[in-house]
Protein chains: 2
Amino acid sequence: MKQNMPITKEKIIAASWELLRGKGIENFTMRKLAEQLDIKAASLYWHFKSKQHIFQVLAEEVAKHILLAERDDGDWKEQLFQFGVNMRKQLQAYPCSAQLLMQTMPSAPEYVALFEHMLVVVDKLSLKDKDKFSSIACFMDYILAFELDAYERNKVRLEITQDIENKEQKSYLNLSIYKRDSSFKILHRMHFNGMFKNMGSDDMFETGLKIIILGIEQLT
Amino acid sequence: MKQNMPITKEKIIAASWELLRGKGIENFTMRKLAEQLDIKAASLYWHFKSKQHIFQVLAEEVAKHILLAERDDGDWKEQLFQFGVNMRKQLQAYPCSAQLLMQTMPSAPEYVALFEHMLVVVDKLSLKDKDKFSSIACFMDYILAFELDAYERNKVRLEITQDIENKEQKSYLNLSIYKRDSSFKILHRMHFNGMFKNMGSDDMFETGLKIIILGIEQLT
DNA sequence: ACCTGAACACCGTTCAAGT
DNA sequence: ACCTGAACACCGTTCAAGT
């Protein structure tokens, strides 16, 4: 990480991804970012006018990579499905990218390009423009929320394992209570904790994708 | 706001909602919350062990109210639709509640009750348990993401109008560029800004809800 | 039981001053 | 052109001390 060469925007962005991966977006600070680059926090402000602006650049980078990895195979249903799978793959490759996109979305030109790209896929359907737009918005909302959710759940999971290490045993999720509580009949039947542990899996993600694609088809 | 009676948990929670409504979750601070209650920030820690814990209580309150407002009319499709509409209404009634739920979701007992309630609606369908669960997760993800999105978009909108007041004219969304850019053919045809202005509307929300419900039906 | 002052270890951002 | 020290106005949280 230590270099004598002058800092560039590119190096700051690269270090930002590292910091996000290591500390998460809630612990991303200008001071830590500067430390990682062997400079002082104040120096960052020569390259970027604010932390928010760094986030915007990161978000646009993600949006760009989502579009780059696109190939258009099969019918519209297959295309939409592949787009969803690929978008999630990119979101997983860039730490906290769902948060970044959610925060900065409508201002980024790349975001609009994403929208346009998906509208093309759905344009051949015999739907009102308004419904095409709603379909794509729903599709993207689902994907983003799925990853936001996964991130939060992972955070809780890490806190718990940390507490166990510290012999604190706080048990944020005391599932044992629900296991015995007869008021949650269906969840109980579904093997409560197994179901919740399966949240965030590839399988669950793809089922959601299928639901939305089938739903769009049905809207015609 | 000024009272001589001793502060209670209930008063702190009430003041928290006010603060969220007035300042948003990103400007919710213990110091501001204390000020609103005419006490000092340190005093809050006698009632709640942390800011995070206050958020957890707020989130559970929202989840509780979503369940309370429930009536079960019609077939499963109608029920699910009404649930979605009602859930969004509650999310809109409590400021930043989508963020609160997203942050604290899996640890809250009320959240599990929400899940169970929706699973009951969908339980009569001839689906694998796994797919019932995925359906509900998809449904809830969509609703939360829709409101998160609306919140962020509103934030940007407020910043812009503020800038216009300040004669800064930064134009975070310079839509005029896209309007002329021929690479966004479909969005252009759809009246670019009109479409984006329509984002977050009741109509768009309900279309998304319908898509997911039709999709779940198709999964059987 | 309930509240406070003072402190600790942080933040993002600015800006005059250095090279 | 690029970086820094020092400061400003904040954070969340703790804790001995007050009533």
Next on the checklist: With a 4.0 Å limit, can you tell me whether B:H47 has a side-chain N or O closer than that to the phosphate oxygens OP1/OP2 of C:dA1?
Outcome noted: no
Item to check | Presence of B:S43 side-chain N/O under 4.0 Å of C:dT4 phosphate oxygens OP1/OP2 | outcome: yes
Separation of [X] atom [atom1] from [N] atom [atom2], in whole Å?
X: A:M30; N: C:dC10; atom1: CE; atom2: P; value: 18 Å
X: A:Y45; N: C:dT14; atom1: OH; atom2: P; value: 7 Å
X: A:I54; N: C:dG12; atom1: CD1; atom2: C1'; value: 11 Å
X: B:K23; N: D:dC11; atom1: NZ; atom2: C1'; value: 15 Å
X: B:L44; N: D:dT13; atom1: CG; atom2: P; value: 10 Å
X: B:K51; N: D:dG12; atom1: NZ; atom2: P; value: 4 Å
X: A:W46; N: C:dT14; atom1: CH2; atom2: P; value: 16 Å
X: A:K40; N: C:dC15; atom1: NZ; atom2: P; value: 21 Å

Checklist entry - Ion pair present between A:E18 and A:R21, side-chain N to carboxylate O less than 4.0 angstrom? => result no
Checklist entry - Is it true that B:K155 and B:E152 make a salt bridge, defined as a side-chain N closer than 4.0 Å to a carboxylate O? => result yes
Checklist entry - How do A:T29 and B:A42 order along DNA chain C: which one's closest nucleotide is nearer the 5' end? => result B:A42
Next on the checklist: Classify B:F28 by what it touches in the nucleic acid, base, sugar-phosphate, or nothing, heavy-atom distance under 4.0 Å.
Outcome noted: sugar-phosphate
Item to check | Nucleotide pairing, DNA chain D (Watson-Crick or G-U, distances under 3.5 Å), in dot-bracket with [ ] and | | outcome: ||.|||||...|||||.||
Next on the checklist: On the six-membered ring of A:F205, is A:R88 placed so that its NZ or CZ lies under 6.0 angstrom from the centre and within 45° of the ring axis?
Outcome noted: yes
Item to check | cation_pi(A:K23, A:F28) dist<6.0 Å, angle<=45 | outcome: no
Next on the checklist: Determine whether the aromatic ring centres of residues B:F184 and A:F115 are separated by less than 6.0 angstrom.
Outcome noted: no
Checklist entry - When rounded to the nearest 0.5 angstrom, what distance separates CE in B:M195 from CG in B:N198? => result 7.0 Å
Next on the checklist: Is the ring pair A:H65/A:Y94 parallel, tilted or perpendicular, if the boundaries are 30 and 60 degrees?
Outcome noted: tilted
